[in-house]
*Asks:* 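After the C-alpha cells below, expect a handful of questions from me.
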Amino acid sequence: MANPIGTATVAQPMALPAVDSGATLLTTAGYLFLLLGVIFLAYYLLKRFGVPTAFMAGQNGPRLISRLMLGNRQSVAVVRYRNKDLLLGVTENTISLLGEEDADDTQEPVTPKTNFASFLKRAKQ
C-alpha cells in the first residue's frame with residue numbers, strides 16, 4: 001500500500017548498541033598512558049644518547065669539527081664537508097664563510113675530554 005501524498009511518516013528512533021562506558025574509558029586511558037610512556041622513553045633515549053650522526057647526515061655529510069663561542073650568540077665553527085674544512089662565523093642572524101682549506105685526513109677531530117662537571121670538580125680542589 002502506497003503512502004498517500006501529504007501524510008507524514010514518523011521516524012522510529014534508532015536503537016544504539018549498549019556500550020560499557022567504564023571499560024571503554026579505562027581502555028582508552030590505558031592506550032593513552034602507553035602512548036605517553038613510549039613518547040617519554042623515546043625522548044629520554046634521544047636526550048641520553050643523542051641523535052646518531054649517521055642518521056642525521058650521510059658518510060660525506062657536513063660534520064662539526066670544532067666550535068669556539070665568542071659571545072652570547074656568536075661563535076666560530078670549523079665544519080668539514082667533502083674533504084674541505086670550512087671556517088664559519090656564526091651569529092644570531094647570519095652564517096658567513098671566513099676561510100676554507102683542504103682537510104687533513106690524518107688529523108682527528110678534537111673532542112673535549114672534560115666536561116663542565118669535571119672542570120668544576122677540579123676547580124673546587
*Asks:* Name every donor-acceptor pair, under 3.5 Å, that has one atom in a side chain of residues 21-31 and the other anywhere in the protein, sequence neighbours excluded.
*Replies:*
residue, atom, partner, partner atom, Å
Thr24, OG1, Asp20, O, 3.0
Thr27, OG1, Ala23, O, 2.8
Thr28, OG1, Thr24, O, 2.9

*Asks:* Let me confirm one number: the CD1-CG distance from Ile65 to Leu86, rounded to the nearest 0.5 Å.
*Replies:* 10.0 Å
*Asks:* When clusters are formed from ILVMFWY side-chain contacts under 4.5 Å, directly or step by step, what else is grouped with Leu35?
*Replies:* Ile39
*Asks:* Measure the CG-NZ distance between Asp102 and Lys84 for me, rounded to the nearest 0.5 Å.
*Replies:* 4.5 Å
*Asks:* Could you list the residues that satisfy salt bridge (Lys or Arg N to Asp or Glu O under 4.0 Å) with Glu101, not counting sequence neighbours?
*Replies:* none
*Asks:* What do you reckon, is CG of Leu36 surrounded by more than 12 foreign heavy atoms closer than 6.0 Å?
*Replies:* yes
*Asks:* Which residues pass the side-chain hydrogen bond (donor to acceptor under 3.5 Å, both in side chains) test with Asn72, sequence neighbours left out?
*Replies:* none
*Asks:* In Å, rounded to the nearest 0.5 Å, how long is the span from CD of Gln74 to CE of Met69?
*Replies:* 8.0 Å
*Asks:* Might you point out which heavy atoms bring Leu88 and Leu98 nearest each other, and give the distance in Å?
*Replies:* C-CD1, 4.0 Å
*Asks:* Under 3.5 Å, which donor-acceptor pairs link side chains of residues 40-47 to any protein atom two or more places apart or in another chain?
*Replies:*
none

*Asks:* Please identify each residue that fulfils salt bridge (Lys or Arg N to Asp or Glu O under 4.0 Å) with Arg48, with sequence neighbours left out.
*Replies:* none
